[in-house]
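Residue numbering restarts at 1 for every chain, and letters A, B, ... go by the order of the sequence lines. FYI, side chains are in, hydrogens and waters are out, and symmetry mates aren't considered; it's all heavy atoms of this structure.
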Amino acid sequence: MIALLDANNFFVSCERVFRPDLMNRPVAVLSNNDGCLISRSNEVKALGVPMGAPYIKYKDVLADHNVAIFSSHFTLYGDLSSRMMSLIESLVPKIEVYSIDEPFIDLSGIKNIEALCHHIRHTIWRSLGIPTSIGIAKTKTLAKVANYYAKRTPAFKSICYLDSFDRTELALKKISIGEIWGIGKQISKKLESQGVITAWDLKQVDPRCMRQQFTVVGERIVRELNGISCLAIEDVEDLKKSIQVTRSFGKPITNFYDLKAAIATYATRLGEKLRRQDLFTQNVSVFIRTNKHRPNDPQYSNSATVVLQKPINDGISLIKAASIALQQIYINGYTYSKAGIMAHELKPKGQNVQLDLFSNKFEEPLQSPELWEAIDNLNKRYGRGTLFSAACGKSLSWKDKKNLLSPSYTTRWDQIAIAFAR
DNA sequence: TCTGGGGTCCTAGGACCC
DNA sequence: TCTGGGGTCCTAGGACCC
């Protein structure tokens with residue numbers, strides 16, 4: 001058996017951990033730039049505010065209902081996530097971290113599955129204050145279905161175990177295909193036109209037909225719904241294949257210098273991410289684009305890739321590479337709204353010493369790793385952006401907005417939570 | 001008026017090779 | 001009056017997920 005544990009409204013729950021006064025008040029968390037809603041408490045969901053809705057469109061409704069609004073605070077969420085994962089790991093033989101708030105748990109060999117799951121939920125609640133739901137079934141896809149019911153059916157008390165054929169049949173008959181893991185908008189539209197409406201319908205489709213229409217991905221879904229496990233619990237954490245930093249601008253950019261400064265800032269952040277994971281990149285791409293939500297404005301979007309002679313992860317080399325890419329694609333006269341930088345061909349430490357036969361032996365030395373460790377430590381201690389390259393510029397008008405940020409309760413000494421006893 | 005960011009996996013199709 | 005066929009590698013783009 002496989003369990004899928006999922007934190008309820010994770011980002012909202014993280015904000016509530018240090019603000020018990022919000023426990024019974026509606027809460028929502030915004031995307032970058034305070035653009036749209038990406039996490040809603042149950043009360044906000046009940047108001048009919050959809051996931052991903054533009055904040056500004058619902059600002060009044062949210063204010064009318066006294067909803068507490070937060071800018072997204074990924075340092076906080078990431079920290080609470082890793083605490084939650086370690087807790088779970090200490091209680092079970094094997095987990096696979098699937099997303100920031102969801103691990104799959106391998107339950108093979110466990111005797112009293114439900115008791116263990118109750119214990120896991122209780123431990124997370126008591127130690128972290130995060131509410132969770134657990135779905136249990138024979139395959140990952142079915143565990144996802146079980147989790148769907150665990151969240152929505154109060155009688156289940158947040159745990160749903162699809163332990164029999166009958167229960168599974170009932171569960172599949174009452175859920176539409178669009179709720180199934182891996183079935184998005186396009187595929188459900190196509191399937192519905194063929195009369196496949198519920199997950200139970202989908203379970204009956206010939207897997208070979210699914211493969212023809214929707215590749216092996218579709219075939220696997222049907223098999224998994226039939227209780228045949230096609231997606232194993234991944235043992236080793238795979239090496240990441242790409243790392244990116246992309247942002248919409250707080251204000252649109254119309255000149256090269258601001259764009260260059262933005263790209264340099266993203267390149268700096270990319271370097272931090274690479275160094276934190278001890279990774280190097282040999283392939284840096286940059287993209288820029290105008291606002292695609294304004295079809296009447298002149299549209300332009302392009303990207304360029306720079307392939308490097310040797311793997312890098314220091315800020316200066318990344319900024320240099322990114323600037324070269326940017327120069328190749330920049331066209332004057334457009335209003336840019338978004339840009340990003342991506343690193344591909346990631347290589348772990350140690351693999352970066354390989355010498356290219358045809359490259360000059362006496363190339364300039366790699367930027368000193370000690371220097372970058374010192375810079376990272378300073379920025380970690382005194383806040384991101386304490387020390388940065390002049391290429392990132394001083395004008396911050398294009399920077400993203402985060403007007404409603406909560407304190408860094410768990411990662412900054414100067415913002416640690418304070419409790420008062422009365 | 002505004003509408004996120006960071007990932008993965010899969011396929012088609014072109015280039016190239018023998 | 002015919003112009004192979006099989007294989008690999010790479011990239012762009014689509015679809016999906018949280």
Asker: When the distance from OH of A/Tyr58 to C1' of B/dG4 is rounded to whole Å, what number comes out?
Answerer: 17 Å
Asker: Would you indicate what A/Arg269 reaches in the nucleic acid, counting non-hydrogen atoms under 4.0 angstrom: base, sugar-phosphate, or nothing?
Answerer: nothing
Asker: If you only use heavy atoms from C-beta on, which nucleotide in B/dC2, B/dG7, B/dC9 is closest to the side chain of A/Arg220?
Answerer: B/dC9
Asker: Looking only at the side chain of A/Ile38 (C-beta and beyond, no hydrogens), which of the listed nucleotides B/dG4, B/dG7, C/dC16 gets closest?
Answerer: B/dG4
Asker: If you compare all heavy atoms of A/Ala28 against all heavy atoms of A/Val12, which two are closest, and at what distance to 0.1 Å?
Answerer: CA-CG2, 4.1 Å
Asker: Reading DNA chain B from 5' onward, which residue's closest nucleotide shows up sooner: A/Thr215 or A/Cys36?
Answerer: A/Cys36
Asker: For the side chain of A/Asn291, counting heavy atoms from C-beta on, which of B/dG4, B/dT3, B/dG6 is nearest?
Answerer: B/dT3
Asker: Can a side chain N or O of A/Lys240 be found less than 4.0 Å away from OP1 or OP2 on B/dG7?
Answerer: yes
Asker: Measure from CG on A/Leu279 to P on B/dG7 and round the result to the nearest Å.
Answerer: 11 Å
Asker: Without decimals, in angstroms, what is the distance between A/Lys273 NZ and B/dG5 C1'?
Answerer: 8 Å
Asker: Nearest to the side chain of A/His293, heavy atoms from C-beta on, is which of C/dC17, B/dG7, B/dT3?
Answerer: B/dT3
Asker: Please confirm whether A/Lys140 makes a cation-pi placement over A/Phe104, using NZ or CZ under 6.0 Å from the six-membered ring centre and within 45° of the ring normal.
Answerer: yes
Asker: Determine the interatomic distance between C1' on C/dC17 and the same-named atom on B/dG4; round to the nearest Å.
Answerer: 14 Å
Asker: For the side chain of A/Lys144, counting heavy atoms from C-beta on, which of B/dG6, C/dC18, B/dG4 is nearest?
Answerer: C/dC18
Asker: Measure centre to centre between the rings of A/Tyr148 and A/Trp181, then say whether the value is under 6.0 Å.
Answerer: no
Asker: For the rings on A/Tyr330 and A/Tyr336, is their centre-to-centre separation under 6.0 Å?
Answerer: yes
Asker: Side chain of A/Ile56: nearest nucleotide among B/dG4, B/dC2, C/dC18?
Answerer: B/dC2
Asker: Any side-chain donor paired with an acceptor under 3.5 Å for A/Thr281 and A/His344?
Answerer: no
Asker: Considering every strand and a 4.0 Å limit on heavy-atom distances, what is the contact class for A/Tyr98: base, sugar-phosphate, or nothing?
Answerer: sugar-phosphate
Asker: Does A/Lys241 have a side-chain nitrogen or oxygen under 4.0 Å from the phosphate oxygens OP1 or OP2 of B/dC9?
Answerer: yes
Asker: Between P on C/dC16 and NZ on A/Lys185, what's the gap in Å once rounded to a whole number?
Answerer: 10 Å
Asker: Where the side chain of A/Pro54 is defined as all heavy atoms beyond and including C-beta, which of B/dT3, B/dG6, B/dG4 is the nearest nucleotide?
Answerer: B/dT3
Asker: Give one of base, sugar-phosphate or nothing for A/Leu30, where a contact means two heavy atoms less than 4.0 Å apart.
Answerer: nothing
Asker: Rounded off to whole Å, could you give me the CD1-to-P distance for the A/Ile183 and B/dC9 pair?
Answerer: 18 Å
Asker: Between A/Arg247 and B/dG6, is there a side-chain N or O to OP1/OP2 distance below 4.0 Å?
Answerer: yes
Asker: Counting only side-chain nitrogens and oxygens, does A/Ser248 get under 4.0 Å of the OP1 or OP2 atom of B/dT3?
Answerer: no
Asker: Pick base, sugar-phosphate or nothing for A/Ile187, based on heavy-atom distances below 4.0 Å to the nucleic acid.
Answerer: sugar-phosphate
Asker: Return the nucleotide paired to C/dC18: Watson-Crick means purine N1 to pyrimidine N3 with N6-O4 or O6-N4, wobble means G-U with N1-O2 and O6-N3, both under 3.5 Å.
Answerer: B/dG5
Asker: Nearest-Å distance, CZ (A/Arg211) to P (B/dC10)?
Answerer: 10 Å
Asker: Please determine, for the side chain of A/Ser242, which listed nucleotide (B/dG4, B/dT11, B/dG7) has the closest atom?
Answerer: B/dG7
Asker: Which listed nucleotide (B/dG6, B/dG4, B/dT11) is nearest to the side chain of A/Val216?
Answerer: B/dT11
Asker: Using ring centroids (six-membered ring only for Trp), state whether A/Phe74 and A/Phe11 fall under 6.0 Å.
Answerer: yes
Asker: In whole angstrom, give the distance that lies between atom CD of A/Gln186 and atom C1' of C/dG13.
Answerer: 13 Å
Asker: Over how many whole Å does the gap from A/Ile100 atom CD1 to B/dG4 atom P extend?
Answerer: 19 Å
Asker: Categorize A/Lys338 for me: base, sugar-phosphate, or nothing, with a 4.0 angstrom heavy-atom threshold over every strand shown.
Answerer: sugar-phosphate
Asker: So A/Leu270, base contact, sugar-phosphate only, or nothing? Heavy-atom distance under 4.0 Å.
Answerer: nothing
Asker: Whether A/Asp163 and A/Arg167 form a salt bridge (side-chain N of Lys/Arg under 4.0 Å from carboxylate O of Asp/Glu) is what I want to check.
Answerer: yes
Asker: Can you identify which nucleotide, out of B/dG5, B/dG4, C/dC18, has its nearest atom closest to the A/Thr246 side chain?
Answerer: B/dG5
Asker: Just to be sure I understand the rule, does A/Asn33 reach a base, reach only the sugar-phosphate, or reach nothing, if contact means heavy atoms closer than 4.0 Å?
Answerer: nothing
